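These notes are about the structure you will find just below.
As the structure is a prediction and not an experimental result, all values here were calculated from the model. In this chain, residues are counted from 1 in sequence order.
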Amino acid sequence: MSDFIRSWIRNDRQERLYTKASVIAEEARSHVIKTDQNAEFSNETLKVMKLEKYPSLSLPVQFGGESLSLYEFLLLQEKIAEGDGAAALSIGWHLGIMMELSDEKSWKKHHFERLAKEVAENQAVVNRAATEPATGSPTRGGIPETTAVRQEDTYIVNGRKTFTSMADHLDYYIVSAYVEDLDDIGWFLIDRHQPGIRVEKTWDTLGMRGTESDDLVLDHVELSTDDLVEVKTKGKPSPKGWLLHIPACYLGIALAARNDAVKFAKSFQPNSLDTTISEVSHIQDKIGEMEWKLMQAHSFMYSTARRWDEEPEQREHMGPELAAVKLAVTNTAAEVVDLAMRIAGGRGLSKDQPFEKYYRDVRAGLHNPPMDDAVIRMLAGKALQA
């Protein structure tokens, strides 16, 4: 079967980078049964990611990376998600964070260089730990219940973070906390080996189980004041193009479901038919519907990414467009997986088939930020203010 994503490759550099993602996708695919059953991230997949130097790709060239563009980032993430959506989403947070820190320069130079050196030289992996049981999604504006109390030249941090993807496989955590002496929200860069840090295995969800998004517990973690790397900025937040890694991930899951549904249709022949079900009109209708939905989603996502890359002066105005991509693509991905399930019929519910996992995993996209209701209200507000 032809590689649907390959049609979006535009040059030799992207072909080279895409090869790295393809290697990772194959490795991740080989572990999906185990990672899904155990709700854990694969050690083997992470080793291959590091061998391919994937964690450092989004760093600027001068810091040992490849200065990955947004278009390239989405291309690679979608390919990995075709192998395993959970693996793609997990590593996508890391690459996106490094892209954001590189582009926005929100950290002091020595703070960024410290982390960039670890990523470039050791392929260290980092993620933000922001969500908490009481606050819900950080995008809703809740104040962290995690606290940082200053004692001379140190901070004592206590709290619990949920949805910490790759929790037990990260090298560093960027943890949000209410900083009492500043009366503001701050972010601390914390080494995973810091005393007082532990991971509790709480991740037991319907889908995306392989993200290993367990709880991170901070029990009297003593940090240097220099570990406070960021303080919440005032005013309207800038649009973040890198968050399109979320719809790219779910589009990759949908594409995997489409591929397996087409294979199933071309190979399954019940004894009531003289041909495989690929010759049945309503099956062809469903395959055709998957195709045009995927074409629309890809065009919207990649054209938006190209605009982000090629028109940097327009980025501050692209918030609604980025949000609309997320809404459109994740909902389309769910529709495509549903069509794949209908093609497979009752067999698609079996654990012997991949469809039921695609179905579970793709639903998670509806709960990643920004949420559908917030996007719709934003778009309505934009129209009404015009």
Side-chain angles (χ1 to χ4, degrees), residues 31-32 34-43 45-46 55 84-97 115 124-149 155-180 185-223 227-230 232 243 245-246 249 360-361 363-369 371:
H31 302 293
V32 291
K34 180 182 177 183
T35 56
D36 186 54
Q37 287 177 344
N38 299 337
E40 64 184 18
F41 195 87
S42 165
N43 290 317
T45 299
L46 184 58
D84 179 26
L89 188 67
S90 299
I91 196 64
W93 295 116
H94 162 84
L95 266 75
I97 288 165
L115 180 58
V125 178
V126 65
N127 196 2
R128 288 189 186 269
T131 308
E132 297 184 355
T135 61
S137 171
T139 61
R140 299 291 191 181
I143 302 297
E145 292 190 342
T146 298
T147 59
V149 179
Y155 277 105
I156 306 300
V157 180
N158 286 281
R160 174 184 290 267
K161 299 295 183 177
T162 57
F163 293 94
T164 311
S165 296
M166 293 180 74
D168 214 20
H169 284 80
L170 296 170
D171 298 294
Y172 290 92
Y173 307 99
I174 304 174
V175 176
S176 64
Y178 173 70
V179 185
E180 290 190 351
I185 299 171
W187 296 83
F188 293 84
L189 180 63
I190 306 177
D191 188 300
R192 66 164 295 160
H193 301 295
Q194 188 76 19
I197 288 279
R198 74 176 188 275
V199 172
E200 286 192 5
K201 305 297 289 184
T202 56
W203 189 238
D204 190 16
T205 59
L206 177 75
M208 297 301 267
R209 293 173 56 78
T211 62
E212 190 184 82
S213 300
D214 293 313
D215 284 10
L216 179 70
V217 180
L218 303 101
D219 184 9
H220 292 85
V221 178
E222 185 175 331
L223 302 172
D227 292 325
L228 178 61
V229 292
E230 186 177 339
K232 184 179 179 181
L243 284 174
H245 87 94
I246 297 170
C249 170
R360 289 185 287 110
D361 284 351
R363 302 301 301 177
L366 305 179
H367 305 287
N368 285 129
M371 308 305 175

Any heavy-atom pair between the side chains of Leu228 and Tyr155 that's under 4.5 Å? yes
Q) Between Trp203 and Met208, is there a donor-acceptor pair closer than 3.5 Å when you use the side chain of the first and the backbone of the second? A) yes
Note to self: If only side-chain N and O atoms count, and only distance matters, is there a donor-acceptor pair under 3.5 Å linking Lys161 with Ser176?
What the structure shows: yes
(request) May I ask you to decide if Tyr173's main-chain N or O and Arg128's side chain share a donor-acceptor pair within less than 3.5 Å? (result) no
d(Lys232 NZ, Tyr178 OH) to nearest 0.5 Å is 12.0 Å
**Study point:** Heavy-atom neighbours of Lys201 NZ exceed 12 at 6.0 Å
**Key:** yes
Practice task
Give a yes or no answer on whether the side chain of Asp171 reaches the backbone of Val125 with a donor-acceptor pair at less than 3.5 Å.
Solution key: yes
Next on the checklist: If you define the side chain from C-beta out and look only at heavy atoms, does anything of Leu46 sit under 4.5 Å from Met166?
Outcome noted: yes
The reported gap from CD in Glu40 to CG in Asp214 (rounded to nearest 0.5 angstrom) is 10.0 Å
Does the side chain of His94 reach to within under 4.5 Å of the side chain of Asn127, using non-hydrogen atoms?
no
>> With a 4.5 Å cut-off on side-chain heavy atoms, are Ile185 and Pro144 touching?
In response: yes
Between the CG atom in Asp227 and the CH2 atom in Trp187, the distance rounded to the nearest 0.5 Å is 15.5 Å
CZ of Phe41 to CD of Glu212, rounded to nearest 0.5 Å, is 8.0 Å
Regarding Arg209 and Asp361, does a basic nitrogen lie under 4.0 Å from an acidic carboxylate oxygen? no
Any luck finding a side-chain donor-acceptor pair between Asn43 and His169 under 3.5 Å?
yes
Next on the checklist: For the backbone of Glu132 and the side chain of Glu145, can you confirm whether one donor and one acceptor N or O come within less than 3.5 Å of each other?
Outcome noted: no
message = A quick test of your reading: do over 12 heavy atoms of other residues, nucleotides or ligands sit less than 6.0 Å from CD of Glu222?
response = no
One should read off an interatomic distance between Arg363 CZ and Leu206 CG, to the nearest 0.5 angstrom, of 9.5 Å
Which of Ile197, Ile156, Asn158 passes side-chain contact (heavy atoms from CB on, under 4.5 Å) with Leu218? Answer is Ile197
| task | Kindly indicate, with the supporting measurements, whether the criterion side-chain contact (heavy atoms from CB on, under 4.5 Å) is fulfilled by Ile190 and Tyr172. | result | CA-CA 6 Å; Ile190 306 177; Tyr172 290 92; over 6 Å; no
Contact check, side chains of Leu216 and Leu170, non-hydrogen atoms, under 4.5 Å:
no
One should read off an interatomic distance between Leu89 CG and Ser213 OG, to the nearest 0.5 angstrom, of 7.5 Å
Query raised in the report: More than 12 non-hydrogen atoms from neighbouring residues, nucleotides or ligands closer than 6.0 Å to CZ on Phe188, yes or no?
Result: yes
**Asked** Does Asp215 offer a backbone N or O that forms a donor-acceptor pair with the side chain of Thr202 under 3.5 Å?
**Response** yes
Note to self: One thing to verify: whether Arg160 and Glu200 come together as a salt bridge, which I'm taking to mean a side-chain N less than 4.0 angstrom from a carboxylate O.
What the structure shows: yes
Close side-chain approach of Thr146 and Val157, heavy atoms under 4.5 Å = yes
